[in-house]
There are 2 protein chains.
Amino acid sequence: MKIDPNSPADLSVQIAQAIKDAIISGELIVDERLPSEAELSDHFQVSRPTVREALKRLAAQSLIRTQRGASGGAFVNRLSFEDAYAQQVTTSTLLLSMNEVSFDTACEARYALERACAPLSAARRSADQLATMRAEIFRQGQPGLTDVAFCASDVAFHRALVDGAGNPVLSYQLAGAVEAMQPLMNMITFTARDRAVITGLHTRIADAIEAGNSGAAVSGLQDLEDETRKLASDVFAARSGR
Amino acid sequence: MKIDPNSPADLSVQIAQAIKDAIISGELIVDERLPSEAELSDHFQVSRPTVREALKRLAAQSLIRTQRGASGGAFVNRLSFEDAYAQQVTTSTLLLSMNEVSFDTACEARYALERACAPLSAARRSADQLATMRAEIFRQGQPGLTDVAFCASDVAFHRALVDGAGNPVLSYQLAGAVEAMQPLMNMITFTARDRAVITGLHTRIADAIEAGNSGAAVSGLQDLEDETRKLASDVFAARSGR
DNA sequence: AGGATCTAAATGTCAGACTTTTAAATGTCA
DNA sequence: TGACATTTAAAAGTCTGACATTTAGATCCT
């Protein structure tokens with residue numbers, strides 16, 4: 001782990017990068033304790049606050065965790081699926097909100113990805129995951145549900161569908177995409193009729209998943225995508241028409 | 001933007017979260033200048049180093065950028081697709097390397113996602129993207145190519161395939177998944193015969209994309225997945241057998 | 001008017017001290 | 001001897017104050 005004191009880049013950036021590289025290369029392994037801040041500042045020939053800023057950068061990415069007290073220090077963190085998932089949701093949400101990604105683009109991506117796991121989910125879903133899907137469909141049929149709550153339930157339904165594939169890598173990738181779309185979805189208001197159509201499609205998808213019929217699940221998702229996009233275009237048209 | 005001085009959480013964490021929330025909620029908009037470090041430390045009633053650590057956390061996530069000099073300061077960053085993509089690759093790579101994700105799991109996820117964009121790519125790919133795919137296939141046929149270079153070309157091929165879908169959200173999600181798998185792929189050695197089979201499948205896929213035949217593209221990807229997994233299982237079996 | 005210089009504001013870095021947390025060593029008592 | 005309380009030391013967290021560096025804008029001179 002070395003840094004170049006003549007580089008134009010900030011020292012704390014360089015130090016963070018050096019440690020990050022050491023972690024990625026396997027030089028530092030999970031749960032290994034990094035040298036103390038004092039030792040690091042000595043090693044890199046910089047002050048302790050500078051080292052600290054570098055460590056904060058890494059902590060922000062969940063690459064390390066710090067512990068106070070005797071035998072404390074900074075430890076290489078095992079990046080959990082939960083951490084990765086949380087980061088992905090934040091990144092995706094910001095990306096969508098800051099880059100004028102159109103609803104259609106986001107929607108297309110989301111359903112394309114979901115259709116990719118439908119066959120796996122049809123083959124492997126647990127009874128529990130199926131029950132979750134059914135429960136969310138039931139909730140979606142309840143009168144008096146706010147639009148935001150309806151959307152949240154929608155996300156939960158799709159989350160169960162994705163988790164049904166039994167592939168944590170897929171879940172991690174997809175859950176981010178689905179959840180990041182929620183703010184966009186929340187802009188839509190659903191009439192009772194819209195809700196009926198959507199929950200009908202959800203039922204069709206759940207039935208297909210239960211029967212292990214992957215083709216039906218995919219086509220149900222396709223119809224759901226078409227329906228969602230139609231709904232959204234109506235809403236946006238009405239909004240711009242006013 | 002407020003913090004709770006009695007919270008058990010570290011101050012710098014709280015401050016970072018408060019600013020992050022302000023960005024996500026739209027209270028702070030893109031390119032807006034944050035108050036100076038001195039003003040922030042005054043506002044939150046903490047010292048400047050503490051504020052700085054908080055800002056470093058945000059900078060690590062590309063949420064803000066800092067500029068020195070007069071009229072410098074911290075600015076809300078527009079999260080670009082490139083930044084998001086880079087973060088995703090790092091996260092995915094670490095996730096795979098630290099969590100003993102099996103080759104099969106990662107492979108399954110990757111190809112499931114790729115099959116999801118094949119139909120879009122078949123419908124929309126540009127001539128340029130198709131040319132990139134052809135060029136990579138050609139490169140893969142060159143003798144004397146190292147295994148690592150072969151893998152890199154493989155990634156470039158699939159990258160072009162994904163980009164062909166013309167959906168930046170999909171590209172961002174998928175490129176990360178594909179690239180993160182590269183270290184795993186690099187563990188495999190390819191015989192000349194293996195390479196011939198793979199480039200053959202690549203050609204089949206490229207042909208299907210060119211013809212706009214999405215079904216053929218999907219089945220080509222399916223066969224490529226089967227082939228890759230068979231290859232990997234052979235390699236791992238041979239390795240453990242020694 | 002245009003370019004060189006100066007100035008001020010902001011971040012980057014440093015040094016050292018103090019506070020808080022935590023685990024381990026030590027001591028004490030039943 | 002063993003369980004519990006106490007001390008201690010190490011480490012991160014925080015603060016104060018200072019200086020260095022960068023940069024935009026104001027000022028001044030030609």
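Per chain, numbering begins at 1; letters A, B, ... match sequence-line order.
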To the nearest Å, how far apart are [X] [atom1] and [N] [atom2]?
X	N	atom1	atom2	result
Leu40(A)	dA11(D)	CG	C1'	12 Å
Asp10(A)	dA10(C)	CG	C1'	13 Å
Lys56(B)	dT13(C)	NZ	C1'	11 Å
Leu58(A)	dA12(D)	CG	C1'	15 Å
Asp42(B)	dC15(D)	CG	C1'	15 Å
Glu39(A)	dA11(D)	CD	C1'	10 Å
Leu55(A)	dT13(C)	CG	P	14 Å
Leu34(A)	dA12(D)	CG	C1'	13 Å

So do the side chains of [X] and [Y] get within less than 4.5 Å of each other, counting heavy atoms only?
X	Y	value
Leu79(A)	Leu63(A)	no
Ile188(A)	Phe150(A)	no
Glu39(B)	His43(B)	no
Gln173(B)	Asn167(B)	no

**Partner nucleotide of dT28(C) by Watson-Crick or wobble geometry (both distances under 3.5 Å)** = dA3(D)
Answer yes or no: is there a donor N or O on one side and an acceptor on the other, between the side chain of [X] and the main chain of [Y], under 3.5 Å?
X	Y	result
Ser92(A)	Val89(A)	no
Ser121(B)	Cys117(B)	no
Arg78(A)	Met98(B)	yes

**Item:** Member of Arg159(A), Arg139(A), Arg110(A) meeting the salt bridge (Lys or Arg N to Asp or Glu O under 4.0 Å) criterion with Asp154(A)
**Value:** Arg110(A)
**Request:** Give me the residues of residues 45-53 of chain A where at least one heavy atom lies under 4.0 Å from an atom of DNA chain D, by number, or none.
**Result:**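 Arg48(A), Arg52(A), in order of number.
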**Request:** Would you give the length of the straight line joining atom CD1 of Ile137(A) to atom OG of Ser153(A), rounded to the nearest 0.5 angstrom?
**Result:** 9.0 Å
**Fill in**
What residues 63-76 of chain A contributes to the DNA chain C interface at heavy-atom separation below 4.0 Å is Arg68(A), Gly69(A), Ala70(A), Ser71(A)
